[in-house]
Q: 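Sharing a structure with you now.
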Amino acid sequence: MKKDFISIADYSREEIEAIFNLTAELKNKVKNGEEHHPLKGKTMSMIFAKPSARTRISFETGMYQLGGYALYLSPNDIGIGKREAVKDIARVVSRYNDIIMARLFSHSHMEELAQYASVPVINGLTDYNHPCQIMADIFTVREHKGRHTDLKITYIGDGNNIANSWINLAAKLPLHLVICSPSGYEPDAKTLEYARAQNISNIEVLSDPLAAVRGADVIYTDVWASMGQEDEAAERRKVFMPYQVNADLMAHADKDALVMHCLPAHRGDEITDEVIDGPQSIVFDEAENRMHVQKAIIATLMS
Ligand code: CP
Ligand code: NVA
């Protein structure tokens with residue numbers, strides 16, 4: 001049976017750690033200039049209903065490095081779920097390609113795509129989650145801290161797709177996860193309930209940023225208005241300003257706390273220049289690791 005990569009919730013701790021091991025191996029090959037073409041002759045369709053820099057570049061480059069070929073389908077190309085039914089696209093693309101990566105608005109469309117595709121489907125972000133991002137994030141933390149468990153990870157900001165994926169990760173790896181959001185912008189309640197019921201991690205939802213950053217190993221933030229929420233940006237800016245990751249907030253955190261952001265960043269909103277460009281920031285290592293982790297995910301699904 002084919003396996004998809006739609007949510008971290010679908011993977012065991014062992015499977016997640018196997019992906020990290022393969023990521024490290026593939027990253028070494030890139031650093032040593034060693035060619036590695038296990039996917040020679042294989043093709044991947046990349047269906048984008050929203051814009052992207054990192055996701056497109058890292059998947060396309062990664063697939064090329066693996067010896068395969070990736071096709072970019074822009075938001076104007078398919079009109080998935082609008083011009084054509086999701087299940088029809090799933091079946092058509094499966095006739096051409098060996099694997100699909102998609103970035104969609106609706107998470108249920110992502111699930112439908114996976115259900116009707118006969119080839120593996122990788123989720124490159126939905127309104128609900130962004131599993132490839134959080135796999136790259138925790139892999140990056142592991143490189144810097146030497147471990148991927150028993151860390152205090154503080155996410156400050158909107159309880160969005162990034163926050164939901166962190167919660168799904170905490171259902172699998174023992175972490176102290178703090179989500180700090182203003183009232184009304186908390187992460188998905190069902191995801192929280194599910195993750196807490198696994199009894200793996202301590203998962204707190206707080207509203208006070210000063211309390212949230214105390215003793216954190218990682219301070220993570222993301223945009224206040226995600227793709228598709230542009231109309232709410234002005235209103236959200238007012239609500240979220242006290243949640244800005246700036247030098248004042250960082251003064252309450254440990255000196256060696258790492259700062260992360262999935263990017264793109266709205267500099268001056270959720271994070272200030274001095275913090276994102278400062279010595280604690282690892283945002284570009286994080287961006288780089290998208291490619292290495294995703295190559296491991298592709299190779300795992302196609303093995
Ligand atoms: N972090 C991330 O997914 O970036 P893009 O939206 O540019 O792909
Ligand atoms: N929460 C952001 C993440 C972008 C990678 C968004 O969905 O726009």
Side-chain angles (χ1 to χ4, degrees), residues 5-8 44-63 70 72-75 100-110 122-141 153 155-169 179-182 185-188 191 218-237 239-240 243-245 259-267 269-271 276 281-295 297-298:
F5 192 79
I6 302 299
S7 172
I8 294 171
M44 174 169 71
S45 260
M46 306 191 296
I47 302 171
F48 282 91
K50 299 184 184 190
S52 165
R54 279 144 293 274
T55 303
R56 188 231 169 136
I57 299 166
S58 58
F59 268 106
E60 190 165 331
T61 307
M63 191 64 184
Y72 171 67
L73 297 151
S74 83
I100 301 169
M101 191 285 297
R103 164 168 286 191
L104 306 178
F105 285 88
S106 151
H107 193 71
S108 61
H109 280 177
M110 184 66 70
I122 300 177
N123 176 358
L125 179 145
T126 67
D127 289 343
Y128 167 66
N129 68 351
H130 196 3
C132 294
Q133 178 70 54
I134 273 52
M135 289 290 285
D137 295 340
I138 192 67
F139 182 83
T140 309
V141 173
I153 312 276
Y155 173 94
I156 301 189
D158 188 23
N160 60 15
N161 41 15
I162 297 291
N164 291 333
S165 279
W166 272 111
I167 296 166
N168 279 321
L169 184 76
I179 306 287
C180 181
S181 305
Y185 295 90
E186 291 90 354
D188 182 63
T191 304
V218 174
I219 296 166
Y220 195 113
T221 191
D222 182 22
V223 292
W224 294 335
S226 285
M227 291 179 275
Q229 297 175 328
E230 290 79 7
D231 293 353
E232 296 172 35
E235 180 195 323
R236 282 170 171 261
R237 186 171 288 119
V239 177
F240 280 96
Y243 293 78
Q244 184 183 66
V245 177
V259 172
M260 301 182 78
H261 190 308
C262 56
L263 304 177
H266 294 164
R267 288 166 173 262
D269 280 352
E270 74 274 3
I271 193 161
I276 197 168
S281 167
I282 56 166
V283 299
F284 300 108
D285 292 342
E286 181 185 359
E288 177 187 333
N289 282 331
R290 287 290 303 281
M291 183 175 79
H292 304 300
V293 163
Q294 289 161 190
K295 284 170 69 184
I297 293 169
I298 296 170

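Whatever order the structure lists them in is the order used to number ligands and atoms, beginning at 1.
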Q: Do S58 and Q294 meet the criterion of a side-chain donor-acceptor pair at a distance under 3.5 Å?
A: yes

Q: On the 0 to 90° scale, with breaks at 30° and 60°, tag the F48-Y72 ring pair as parallel, tilted or perpendicular.
A: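 Plane angle between 30° and 60°, so tilted.
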
Q: Which residue owns the protein heavy atom closest to atom 4 (O) of ligand 1, what's the atom, and how far is it?
A: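 Going atom by atom, the protein heavy atom closest to atom 4 (O) of ligand 1 ends up being R54 NE, 2.8 Å.
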
Q: Do any nitrogen or oxygen atoms of S226 lie less than 3.5 angstrom from nitrogen or oxygen atoms of ligand 2?
A: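 In this structure, S226 places an N or O atom under 3.5 Å from an N or O of ligand 2.
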
Q: How far is atom 3 (C) of ligand 2 from its nearest protein heavy atom, and which residue and atom name does that atom have?
A: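 Answer, as residue, atom name and distance: D222 OD2, 3.6 Å.
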
Q: Is the side chain of R103 donor-acceptor paired with the backbone N or O of G124 at a distance under 3.5 Å, no angle test?
A: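 The answer is yes, because a donor-acceptor pair under 3.5 Å joins these two groups.
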
Q: For atom 7 (O) of ligand 1, what is the nearest protein heavy atom, given as residue, atom name and distance?
A: A53 N, 2.6 Å

Q: Do you see a donor-acceptor pair shorter than 3.5 Å between the side chains of T126 and N129?
A: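 The answer is yes; a qualifying pair exists.
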
Q: Is there a nitrogen or oxygen of L263 sitting under 3.5 Å from a nitrogen or oxygen of ligand 1?
A: yes

Q: Do any N/O atoms on C262 end up under 3.5 angstrom from N/O atoms on ligand 1?
A: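 Yes, since at least one N or O of C262 sits under 3.5 Å from an N or O of ligand 1.
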
Q: Look at atom 8 (O) of ligand 2 and say which protein heavy atom is nearest, naming residue and atom and giving the distance to 0.1 Å.
A: M227 N, 2.8 Å

Q: Do E235 side-chain atoms and E232 backbone N/O form a donor-acceptor pair below 3.5 Å?
A: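 Such a contact is absent between E235 side chain and E232 backbone.
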
Q: Could you tell me whether ligand 1 has any atom less than 4.0 Å away from a heavy atom of R103?
A: yes

Q: Which protein non-hydrogen atom lies closest to atom 7 (O) of ligand 2, naming both residue and atom, and how far is it?
A: N161 ND2, 2.8 Å

Q: Can you tell if the side chain of Q133 reaches within under 4.5 Å of the side chain of L125, non-hydrogen atoms only?
A: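 Q133 vs L125: side chains apart.
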
Q: R290 to ligand 1: N or O pair under 3.5 Å?
A: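 Yes, at least one N or O pair falls under 3.5 Å.
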
Q: Are N164 and T191 close enough that a side-chain donor and a side-chain acceptor fall under 3.5 Å?
A: no

Q: Against heavy atoms of H130, which atoms of ligand 1 measure under 4.0 Å?
A: 2 (C), 3 (O)

Q: Under 4.0 Å, counting heavy atoms only: does L263 come that close to any atom of ligand 2?
A: yes

Q: For residues S7 and Y128, is any side-chain donor paired with an opposing acceptor at under 3.5 Å?
A: no

